[in-house]
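Any value given below was found using the heavy atoms of this structure, including those in side chains, with hydrogens, waters and symmetry copies removed.
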Amino acid sequence: MAFLGLLLLGILSLVSSVYGQGWTDAHATFYGGGDASGTMGGACGYGNLYSEGYGTNTAALSTALFNNGMSCGACFEIKCVNDPRWCRPGSIFVTATNFCPPNNALPNNAGGWCNPPQQHFDLSQPVFEQIAQYKAGIVPVSYRRVPCSRKGGIRFTINGHSYFNLVLITNVGGAGDVRAVSIKGSRTDWQPMSRNWGQNWQNNRYLNGQSLSFKVTTSDGHTVVSNNVAPAGWSFGQTFSGLQVP
């Protein structure tokens, strides 16, 4: 009983560390054009943000927030603050889908907005204009981590080739950012996957002709096991849907 109490306390502490930090000051700019077409692709590997379900509510994160790609998929609530000339009321909810690189040739307060150690969001233009006027260019904001709300299950897109299984993981609810992944073929035990880049995870076992299961752990400690998501006849390039983070 004492063990279960300690376990529950540990889980609650982990969830609190993800969501319970309150509002933090930062700045926001925008990119990608009025239709957000310039935000497609990106350093998280999500490709077409429309077909993957992220739409235009997306952001590129500065170095301080991007965490070398570990923050891909995390969700934030952002509001414009302390600038009545340019701010609009209300807040937005965005998913981290890209990296805003530093520009060390420019000072932090004059073009080098994403330079370390600054916390900065480069938003898609449509979502930026929900909280600030276009002419502002850059505005002060407050942000906080929030749970991600997704429709359907976690999606697994199997790329690569034999002996190099590169799986893109998208549409993750809860914390949104994935910290660990394992894969299991119908004739193998669970095998850990390593993060290649963004939310692309790799494993070098030969798994052709086997049904595949996945185990995904997010930064708040939730683990979701999706058994036999891909049937034995799967092919590279296909996408399969599993269970969702509760």
Side-chain angles (χ1 to χ4, degrees), residues 13-32 36 38-46 49 54 56-83 86-87 91-132 136-148 169-170 172 174-180 194-201 217-221:
S13 297
L14 191 57
V15 171
S16 177
S17 69
V18 174
Y19 304 126
Q21 298 181 2
W23 294 93
T24 302
D25 292 334
H27 284 84
T29 49
F30 62 87
Y31 77 116
T39 66
M40 300 297 113
C44 291
Y46 293 142
L49 300 178
Y54 299 111
T56 61
N57 281 50
T58 61
L61 306 186
S62 64
T63 301
L65 294 171
F66 192 64
N67 196 20
N68 292 318
M70 294 297 285
S71 294
C72 288
C75 293
F76 301 86
E77 182 180 8
I78 302 173
K79 57 185 179 181
C80 185
V81 297
N82 302 325
D83 195 345
W86 300 117
C87 287
S91 63
I92 55 174
F93 296 88
V94 299
T95 301
T97 59
N98 204 355
F99 174 53
C100 181
N103 186 343
N104 296 319
L106 295 175
N108 291 3
N109 62 352
W113 313 123
C114 290
N115 293 348
Q118 298 199 121
Q119 300 189 51
H120 188 92
F121 295 86
D122 202 15
L123 303 169
S124 77
Q125 183 179 326
V127 78
F128 176 89
E129 290 189 73
Q130 291 180 32
I131 58 168
I138 179 171
V139 291
V141 298
S142 290
Y143 76 92
R144 62 182 178 183
R145 280 287 301 270
V146 294
C148 300
I169 299 178
T170 60
V172 181
D177 49 344
V178 176
R179 292 304 167 88
S194 59
R195 195 169 63 89
N196 186 294
W197 66 281
Q199 285 298 355
N200 286 281
W201 295 75
T217 301
T218 51
S219 65
D220 60 356

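- Between Leu65 and Ser71 the shortest heavy-atom distance is O-OG, 2.8 Å.
- Rounded to the nearest 0.5 angstrom, Trp23 CH2 and Ser91 OG are separated by 5.5 Å.
- Counting only distance, with no hydrogens or angles, the side chain of Arg179 and the backbone of Gly221 share no donor-acceptor pair below 3.5 Å.
- Counting all heavy atoms, side chain and backbone alike, Tyr46 lies closest to Ile169 at CE2-O, 3.7 Å.
- For the residue pair Asn115 and Leu106, the shortest heavy atom distance occurs at ND2-O, 3.1 Å.
- Rounded to the nearest 0.5 angstrom, Thr63 OG1 and Phe99 CZ are separated by 3.5 Å.
- No side-chain donor-acceptor contact under 3.5 Å links Ser62 and Gln118.
- By the 30° and 60° cut-offs, the orientation of the rings of His120 relative to His27 is parallel.
- Within the model, atoms SG of Cys114 and CG of Asn103 stand 9.5 Å from one another, a figure rounded to the nearest 0.5 Å.
- A heavy-atom distance below 4.5 Å is not found between the side chains of Asp122 and Trp113.
- Heavy-atom minimum distance, Cys72 versus Gly198: SG-CA, 4.1 Å.
- The two residues Cys148 and Ala175 come nearest to each other via the heavy atoms SG-O, 3.9 Å.
- A distance of 12.0 Å separates CG of Asn98 from CG of Leu123, quoted to the nearest 0.5 Å.
- Atom-to-atom distance recorded for Asp83:CG and Ile131:CD1 is 11.0 Å, nearest 0.5 angstrom.
- With contacts defined as side-chain heavy-atom distances shorter than 4.5 Å, the pair Asp177/Asn67 does not qualify.
- Remark: of the listed residues Phe30, Tyr31, Phe121, Phe30 is the sole one forming a side chain to side chain contact (heavy atoms under 4.5 Å, CB included) with Phe128.
- Trp201 places a side-chain heavy atom less than 4.5 Å from the side chain of Val178.
- Of the inter-residue distances, the one linking Tyr143 atom OH with Thr24 atom OG1 reads 4.5 Å to the nearest 0.5 angstrom.
- Minimum interatomic distance between Pro116 and Asn108 (heavy atoms only, all atoms of both residues): O-ND2, 3.8 Å.
- The cationic group of Arg144 does not satisfy the cation-pi geometry with Phe76, failing either the under 6.0 Å distance to the six-membered ring centre or the 45° limit from the ring axis.
- The shortest side-chain heavy-atom distance between Pro140 and Trp86 does not fall under the 4.5 Å cut-off.
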